[in-house]
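Heads up, the thing below is written out as structure tokens.
Throughout, protein chains are lettered first and strands after them, A, B, ... in sequence-line order, and every chain is numbered starting at 1.
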Number of protein chains: 2
Amino acid sequence: MTKAKLPVEHCATEMKAQIAGEHRRVTSYDVALVAGVSQSAVSRCFKPGASVSKDTYARVMHAATLLDYIPNAAARSLITRRSNMVALLITNQANLYYPELLAELSQHINARGKRVLLFTLQREADVDRVLADVWQYQVDGVIAAARLSAEHIAEFERRRMPLVVFNRVLRDHSVNTVACDHLEAGRMLASRLAAAGHRQFGIIGGDMDSSVASERRRGACERIAELGLPAPVVVPGQYDYRSGALGLKAIIAQLGGVPDAIICGSDVMAIGCLDCARHELGLDVPGQLSVAGFDAVEPSNWISYNLTTLRQPMPKMAAAAAELLCARIDRHEDETEKRVFSAQFIEGATARLAPLAATPPRAATGLPLPVAIM
Amino acid sequence: MTKAKLPVEHCATEMKAQIAGEHRRVTSYDVALVAGVSQSAVSRCFKPGASVSKDTYARVMHAATLLDYIPNAAARSLITRRSNMVALLITNQANLYYPELLAELSQHINARGKRVLLFTLQREADVDRVLADVWQYQVDGVIAAARLSAEHIAEFERRRMPLVVFNRVLRDHSVNTVACDHLEAGRMLASRLAAAGHRQFGIIGGDMDSSVASERRRGACERIAELGLPAPVVVPGQYDYRSGALGLKAIIAQLGGVPDAIICGSDVMAIGCLDCARHELGLDVPGQLSVAGFDAVEPSNWISYNLTTLRQPMPKMAAAAAELLCARIDRHEDETEKRVFSAQFIEGATARLAPLAATPPRAATGLPLPVAIM
DNA sequence: TTGTAAGCGTTATCAC
DNA sequence: GTGATAACGCTTACAA
């Protein structure tokens with residue numbers, strides 16, 4: 001009885017050897033031959049929801065496993081014009097400081113049946129070189145966590161390439177965008193600190209490469225000016241630990257003394273600033289000096305720091321980016337949308353803060369308070 | 001005179017409109033038509049080092065830019081059997097704790113003209129599901145920073161898929177491997193601490209998912225036993241900050257007192273342990289208790305911690321992985337190789353250490369001391 | 001150097 | 001439900 005079943009198996013192993021010898025790949029045609037059906041029948045078996053008889057399906061699948069057959073995605077994408085790949089443009093810096101971003105994005109994209117083709121950028125300026133590669137690989141869409149010029153945007157439109165820009169707001173451009181409102185976050189932080197009586201601010205910005213940090217700085221400066229407080233001392237930073245200490249010293253030097261509060265463009269700089277203030281300069285934080293950052297990175301929550309900071313809702317943002325892109329790809333939605341999330345204030349313990357009642361949320365955005373509805 | 005040149009431009013714009021209307025892509029055939037050459041001539045122009053006349057090249061390139069033509073990588077890979085894509089399998093945990101790994105790998109792979117197709121794993125066990133996708137996408141090779149079973153390895157061989165396993169040593173398998181010697185690192189740390197007089201150890205391991213942490217634990221335990229010291233108290237951990245504090249308390253509870261030293265499977269756990277010891281339990285580190293970790297993550301170097309730890313040479317390891325894989329892909333090198341790097345000891349200031357002379361490097365590996373050469 | 005023509009391994013469109 | 005056949009957009013002998 002076992003003999004009756006052998007022919008197929010035997011044929012399959014023989015064929016596998018032959019295929020290997022010819023340096024070919026196992027194709028749907030080979031499977032068809034073994035299964036005793038047509039090549040198109042094999043193709044249908046691998047297309048979810050196609051009409052195939054139970055019997056055909058079983059024989060094809062059996063032959064396929066015997067031959068280790070897997071459909072070739074390149075050939076498929078040639079005819080379907082769908083690669084099921086999404087390009088992700090991300091700066092090394094972004095991945096370094098927000099490693100969870102990649103994980104979240106990747107999960108959401110995979111969950112929608114697509115894969116991530118990764119393009120990491122040393123600097124934001126590398127976008128040019130990288131985009132040329134992106135076009136070649138026939139990706140179905142792009143998520144760009146990097147700054148794109150007007151020309152870049154235009155090229156995406158010319159090529160009808162679905163695009164979602166992540167954490168970079170491009171005004172005057174009709175582009176799908178997911179971002180955290182860093183300007184608002186900067187304003188919010190300045191408001192909360194001002195409300196607690198801080199008057200003289202120091203600001204450690206990000207380097208010129210980081211639009212995120214500069215938005216935060218701008219927001220804080222705007223709000224400080226609106227409140228009629230003394231002009232803050234602004235110094236540049238590189239987004240890293242060392243910049244925190246350097247920035248703090250630069251601010252003290254420029255000011256000829258210790259400011260009331262220092263706003264840092266990122267948590268890592270804030271932690272650098274904090275360590276320097278406490279351990280090098282012997283300052284009492286927050287007694288003599290308040291220090292605040294942005295991002296709520298993991299260490300900001302550690303006992304040694306417990307930093308006053310603002311959290312970007314990364315998981316939500318990642319989910320939104322994947323959703324927006326897939327809507328354009330799969331449902332050909334044409335309307336562009338900008339989803340802007342607010343940062344969440346984390347009180348921490350490195351800044352003196354007034355009770356929240358004194359600074360209602362709307363005040364933080366600089367908008368007039370709404371009239372009570374009832 | 002401008003009119004003489006217009007026909008080509010005019011023809012191109014007209015053709016672009018038509019192509020868009022037909023919902024086709026711009027192909028090399030379209031370019032050929034505009035340039036007035038054959039399709040194969042266009043193909044040759046995009047193949048580096050092909051023989052094309054200066055004139056033909058210029059006309060083709062002109063037509064190509066007019067039409068926004070870019071060769072289709074899917075079609076190319078179909079015929080060349082090269083996708084120029086490399087799959088990278090990485091656990092979310094690995095990316096979270098070693099974000100620079102991704103950047104380094106990506107850079108090296110891009111530098112060799114290949115792209116990274118990213119497959120992130122929630123847990124190491126997800127490898128199964130993910131591998132099925134990997135085969136479809138016709139990648140040229142795979143770097144796996146995840147644990148692979150013997151069956152997985154066998155499948156790679158059956159499919160003749162080049163593979164480099166990263167930071168997981170698979171004994172009894174002929175597989176290209178790049179790793180840090182975590183066993184040795186564990187032994188080294190135990191040796192250095194023992195040499196400084198620590199006798200009673202506590203060990204906070206990684207969870208079962210992390211082979212890295214368990215190798216480290218095994219190495220430390222081995223060495224402690226060899227030295228005839230009391231058996232260490234070993235408690236599990238999740239690789240995160242919280243596990244450090246929980247682990248410390250569990251160890252103290254089991255031991256009925258504070259051990260001489262605690263070895264943590266990762267820096268983040270070590271930092272958690274350190275914060276708990278100092279700020280919660282009021283212990284003097286390293287006066288009453290030594291704490292050490294592994295990895296030399298960025299925060300370990302911050303003033304507040306200055307952790308005793310061991311660094312994996314990540315940049316070198318990433319470079320080695322890319323090199324090994326590309327050698328197999330591009331030069332069809334068949335010999336498998338295991339490149340194992342040693343971790344670098346970072347003294348830090350959270351453990352009491354004896355001067356190095358007392359523990360020469362070879363002793364740390366458990367090998368007999370070499371006879372002096374001179 | 002250039003053009004012709006035969007694939008690469010699928011999916012899609014038809015008749016049957 | 002199933003099987004021919006024509007794409008998809010490219011590379012690569014081979015002939016000219």
Side-chain angles (χ1 to χ4, degrees), chain A residues 15 19 22-61 63-64 67-85 135-140 159, chain B residues 15 19 22-61 63-64 67-85 135-140 159:
Chain A
M15 178 170 267
I19 290 169
E22 290 171 12
H23 278 275
R24 303 194 297 111
R25 287 171 169 166
V26 179
T27 70
S28 54
Y29 188 78
D30 300 315
V31 177
L33 223 58
V34 171
V37 297
S38 76
Q39 181 272 334
S40 29
V42 176
S43 175
R44 275 192 286 265
C45 288
F46 284 91
K47 178 181 175 159
S51 74
V52 202
S53 78
K54 207 95 181 165
D55 178 54
T56 306
Y57 183 83
R59 289 167 59 192
V60 166
M61 282 312 172
L67 291 174
D68 284 324
Y69 168 77
I70 298 265
N72 182 324
R76 170 182 292 162
S77 85
L78 200 56
I79 186 87
T80 60
R81 287 162 170 165
R82 272 295 178 74
S83 62
N84 289 323
M85 294 192 302
W135 310 134
Q136 289 210 11
Y137 279 88
Q138 309 298 123
V139 296
D140 297 335
R159 299 186 183 277
Chain B
M15 176 169 268
I19 290 169
E22 290 171 12
H23 277 273
R24 301 194 298 111
R25 288 171 168 166
V26 179
T27 71
S28 54
Y29 187 78
D30 300 316
V31 177
L33 223 58
V34 171
V37 297
S38 77
Q39 182 270 336
S40 45
V42 176
S43 175
R44 276 192 286 265
C45 288
F46 284 91
K47 177 181 176 158
S51 74
V52 203
S53 76
K54 206 95 181 167
D55 178 54
T56 306
Y57 183 83
R59 287 167 60 191
V60 166
M61 283 310 173
L67 292 174
D68 283 326
Y69 169 76
I70 299 265
N72 181 325
R76 171 182 291 161
S77 85
L78 200 55
I79 186 89
T80 60
R81 286 159 168 163
R82 274 294 179 75
S83 63
N84 288 323
M85 295 193 302
W135 309 134
Q136 288 211 9
Y137 279 89
Q138 309 298 122
V139 296
D140 296 336
R159 298 185 184 278

Next on the checklist: Please report the distance, rounded to the nearest Å, between CZ in B/Arg24 and P in D/dA6.
Outcome noted: 19 Å
Item to check | Phosphate OP1/OP2 of D/dT11: any B/Arg81 side-chain N/O under 4.0 Å | outcome: no
Item to check | Side chain to side chain, B/Val31 and B/Val34, heavy atoms closer than 4.5 Å | outcome: no
Item to check | Helical bend (five base pairs per end, nearest 10°) for the helix from C/dT1-D/dA16 to C/dC16-D/dG1 | outcome: 30°
Next on the checklist: Under 4.0 Å, heavy atom to any atom of DNA chain C: which of residues 44-54 of chain A qualify?
Outcome noted: A/Lys47
Checklist entry - Under 4.0 Å: is that the gap between some side-chain N or O of B/Thr27 and OP1 or OP2 of D/dG9? => result no
Checklist entry - Using a cut-off of 4.0 Å on non-hydrogen atoms, how would the nucleic acid contact of A/Ser40 be classed: base, sugar-phosphate, or nothing? => result base
Next on the checklist: Students often get this wrong, so: under 4.0 angstrom with heavy atoms, is A/Thr56 touching a base, only sugar-phosphate, or nothing?
Outcome noted: sugar-phosphate
Checklist entry - Whole-Å distance between C/dT11 P and A/Asn84 CG? => result 11 Å
Checklist entry - What are the two closest heavy atoms between B/Ala41 and B/Thr56, and how far apart are they? => result CB-CG2, 4.3 Å
Checklist entry - When the distance from CD of A/Glu22 to C1' of C/dC8 is rounded to whole Å, what number comes out? => result 14 Å
Item to check | Minimum heavy-atom distance A/Arg44-A/Ala50, with the two atoms named | outcome: O-CB, 3.5 Å
Next on the checklist: Heavy atoms from C-beta onward define the side chain here; which of D/dG3, D/dC10, D/dT5 lies closest to that of A/Gln39?
Outcome noted: D/dT5
Checklist outcome for this item: Correct closest heavy-atom pair for A/Ile70 and B/Gln136 would be CG2-CG, 3.5 Å
Checklist entry - Is A/Ser77 close to A/Gln138 at the side-chain level, that is, under 4.5 Å between some pair of heavy atoms? => result no
Next on the checklist: With a 4.0 Å cutoff (strictly under), does any side-chain N or O of A/Ser43 reach OP1 or OP2 of C/dT11?
Outcome noted: yes
Next on the checklist: With rounding to the nearest 0.5 angstrom, report the OH to CG distance, B/Tyr137 to A/Asn84.
Outcome noted: 4.5 Å
Item to check | Atom pair distance, as rounded to whole Å: CZ in B/Arg82 and P in C/dG9 | outcome: 15 Å
Next on the checklist: With a 4.5 Å cut-off on side-chain heavy atoms, are B/Asn72 and A/Leu78 touching?
Outcome noted: yes
Checklist entry - Please give, in whole Å, the distance from D/dT12 P to B/Ile79 CD1? => result 7 Å
Checklist entry - At under 4.0 Å between heavy atoms, what does A/Tyr69 touch on the DNA or RNA strands: base, sugar-phosphate, or nothing? => result sugar-phosphate
Item to check | Contact summary for A/Ala35 and A/Val60, nearest pair of heavy atoms | outcome: CB-CA, 4.0 Å
Checklist entry - Where is the tightest heavy-atom contact between A/Asp30 and A/Arg24, given as atom of each residue plus distance? => result OD1-NH2, 3.0 Å
Checklist entry - What is the distance from OH of B/Tyr57 to C1' of C/dT2, rounded to the nearest Å? => result 17 Å
Checklist entry - When we call it a touch if two heavy atoms are under 4.0 Å apart, what does A/Thr80 touch: a base, just sugar-phosphate, or nothing? => result sugar-phosphate
Checklist entry - Could you give the OH-to-P distance, from A/Tyr29 to D/dA6, as a whole number of Å? => result 15 Å
Next on the checklist: Whole angstroms only, please: what is the CG-P distance between B/Asn72 and C/dG9?
Outcome noted: 16 Å
Checklist entry - What nucleotide, of D/dC10, C/dT10, C/dG9, holds the atom closest to the side chain of A/Leu78? => result C/dG9
Checklist entry - Between B/Arg25 and D/dC10, does any side-chain N or O lie under 4.0 Å from OP1 or OP2? => result no
Next on the checklist: Can you confirm whether A/Phe46 sits close enough to A/Met61 that some side-chain heavy atom of one is under 4.5 Å from a side-chain heavy atom of the other?
Outcome noted: yes
